[in-house]
**Student:** 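Below is the structure I would like to discuss, written out as structure tokens.
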Protein chains: 2
Amino acid sequence: MSADSATPADQPRAEARRAQILAAASDCFHAHGFHGSSISQISKAAGMSAGHIYHYFENKEAIIAAIVEQDIERLQEMTDDMRAAENPLEAMMESIDAAVAEHMQPDHAPLKLEIVAEAGRNPHIAAAVHAADAKIMGAFEETIGLIRRAGGHQDDSREIRGRTEIISALFEGLIARSIRNPAIDKETTLRIFRQIVRDLLQR
Amino acid sequence: MSADSATPADQPRAEARRAQILAAASDCFHAHGFHGSSISQISKAAGMSAGHIYHYFENKEAIIAAIVEQDIERLQEMTDDMRAAENPLEAMMESIDAAVAEHMQPDHAPLKLEIVAEAGRNPHIAAAVHAADAKIMGAFEETIGLIRRAGGHQDDSREIRGRTEIISALFEGLIARSIRNPAIDKETTLRIFRQIVRDLLQR
DNA sequence: TAACATAGAATGAGCGTTCAATCTAGAACA
DNA sequence: TGTTCTAGATTGAACGCTCATTCTATGTTA
């Protein structure tokens, strides 16, 4: 018996293949949507056969779920950085511009909305989205709680959570607005957006 | 035989059939999404054959576009009512609770997001969504401009538009939040939401 | 009669998924 | 060393099914 289970060289290889599929799927989904991208398309983009994808993912849903999980890691890093900053309030204010710009990128906005829409109907996607949201919102709440306490406020947890929800809703809403009205005046909108966030954080 | 229950009139017969299809399609889309609803399903729900649907709509996309157009009529009525009210500010504040509750209805939220996501990729849907948005945003801006002027403010049109965009983004964002976090504390969130809207309208 | 409403079958393409068959590279052995 | 063994990686065809759309034929009305 091979007590030293699973050849050591296999681990990074499988990992690489998985990443390869995820990257290809992400490209396809962004370009044509979840339902508009076929396994065959994804396999071509990933440079492998269609059947082989099922060695790494149970089905198409599992690919989306993995992309959702992957996405939150970046967000988590962002809030971690803020919390570690010397002045978390200003760190957050400074990162808003980039975050909004990224959220409103026309190539990425549709998939973000589509994933949420899918979560509203598909229990498997819903599970992944809920778990991801709980994680990232927890981190976000911590950061905002820190900023509020530094500003001399003593809110209960519901208040912190509510303010966090509203800031998140604003971000998410801007994604939709950027699609509904591509001619949106980003400068003015961003100015008002920043003012509201600042109020929510320190007033 | 000639005792038809629903539509007694002769001329708007085609109109009635169209409405019948739209209602059935709306039900299907809300339940299973745009891509998850087949023409066959819709035709069954509408009580007619699949082929017959193509007498009234060029294709599946055209059905979604018609639903988008239909949806804004209700929104338009809402802002018209506000503008006609004795105190538009309070009329708007009073309608917020119902509007938020409706936006966050779990049965309706996914399709709203899905339509925007689809508009981000599909030019035909995009055209319908952009036209609808221009119309409703114009009406909304008028109402908000009226409230601001009544409050003694002299904003330029960009400012009005920006504030309107942010309020719209908040509404839209809450749809997404209600799906990402179904356990959201609606009471607290709504309280903060109302405060922000009030600030945007009168401060 | 002409014109429209409607049904239902036909079409052809594409889907997600499965699976038996092959390849490949390293371990075990001689 | 060279040879055999083996297990995972990979392929590509095939399956059964559903899809949006079109076509043809029949029913209805005026």
Side-chain angles (χ1 to χ4, degrees), chain A residues 1-22 24-25 28-29 31-67 114 118 121-125, chain B residues 1-22 24-25 28-29 31-67 114 118 121-125:
Chain A
M1 291 287 193
S2 50
D4 290 354
S5 62
T7 52
D10 275 6
Q11 199 90 346
R13 183 182 200 162
E15 202 74 28
R17 279 275 177 279
R18 251 185 84 97
Q20 199 177 339
I21 294 168
L22 282 183
C28 289
F29 290 160
H32 313 108
F34 181 44
H35 297 281
S37 304
S38 68
I39 292 287
S40 156
Q41 263 178 276
I42 294 167
S43 74
K44 260 167 212 148
M48 67 183 66
S49 73
H52 195 38
I53 288 189
Y54 289 84
H55 254 256
Y56 297 97
F57 294 93
E58 201 194 335
N59 50 32
K60 211 179 161 187
E61 271 178 12
I63 301 178
I64 273 265
I67 288 179
E114 200 184 11
E118 191 69 21
R121 297 206 191 82
N122 184 326
H124 295 110
I125 307 294
Chain B
M1 268 191 199
S2 55
D4 272 329
S5 53
T7 59
D10 294 24
Q11 224 181 3
R13 179 184 198 162
E15 201 73 28
R17 279 275 177 279
R18 250 186 84 98
Q20 199 177 338
I21 294 169
L22 282 183
C28 288
F29 290 160
H32 313 110
F34 181 44
H35 296 281
S37 305
S38 69
I39 292 288
S40 157
Q41 262 178 278
I42 295 167
S43 74
K44 260 167 212 147
M48 67 183 67
S49 72
H52 195 38
I53 287 189
Y54 289 84
H55 255 257
Y56 297 97
F57 294 93
E58 200 194 335
N59 51 35
K60 212 178 159 186
E61 269 178 15
I63 300 179
I64 272 266
I67 288 179
E114 200 184 11
E118 191 69 22
R121 297 203 192 87
N122 184 327
H124 295 110
I125 308 296

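Lettering of chains follows the sequences in order, A, B, ..., and the numbering in each one begins at 1.
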**Student:** Round to a whole Å and report the spacing from NE2 of H55(B) to C1' of dA20(D).
**Tutor:** 16 Å
**Student:** How long is the line joining CZ of F57(B) and P of dT22(D), in whole Å?
**Tutor:** 16 Å
**Student:** Restricting to non-hydrogen atoms, name the atom on H35(B) and the atom on E118(B) that form the minimum distance, rounded to 0.1 Å.
**Tutor:** NE2-OE1, 3.0 Å
**Student:** May I ask you to say what Y56(B) touches in the nucleic acid, namely base, sugar-phosphate or nothing, with a heavy-atom cut-off under 4.0 Å?
**Tutor:** sugar-phosphate
**Student:** Measure from CZ on R17(B) to P on dT29(D) and round the result to the nearest Å.
**Tutor:** 11 Å
**Student:** Is the count of non-hydrogen atoms from other residues, nucleotides or ligands lying under 6.0 Å from H52(A) atom NE2 greater than 12?
**Tutor:** yes
**Student:** After noting the C-alpha distance and the side-chain angles of I64(A) and N122(A), does the key distance pass the side chain to side chain contact (heavy atoms under 4.5 Å, CB included) rule?
**Tutor:** CA-CA 11 Å; I64(A) 273 265; N122(A) 184 326; over 6 Å; no
**Student:** In this structure, how many angstroms lie between the P atom of dA9(D) and the CD atom of Q20(A), rounded?
**Tutor:** 13 Å
**Student:** Under 3.5 Å, is there a donor-acceptor pair between the side chain of E114(B) and the main chain of F34(B)?
**Tutor:** yes
**Student:** For I53(A) and dA9(D), what is the distance between atoms CD1 and C1' respectively, to the nearest whole Å?
**Tutor:** 14 Å
**Student:** Nearest heavy-atom pair of L22(A) and A66(A): which atoms, and what distance?
**Tutor:** CD2-CB, 3.7 Å
**Student:** Closest heavy-atom contact between R18(A) and Y56(A)?
**Tutor:** NH1-O, 3.4 Å
**Student:** Which letter, B, S or -, goes with each nucleotide of nucleotides 9-26 of chain C from 5' to 3', with contact meaning a protein heavy atom under 4.0 Å?
**Tutor:** ------SSBB--------
**Student:** Tell me the interatomic distance from K44(B), atom NZ, to dA7(C), atom C1', rounded to whole angstroms.
**Tutor:** 14 Å
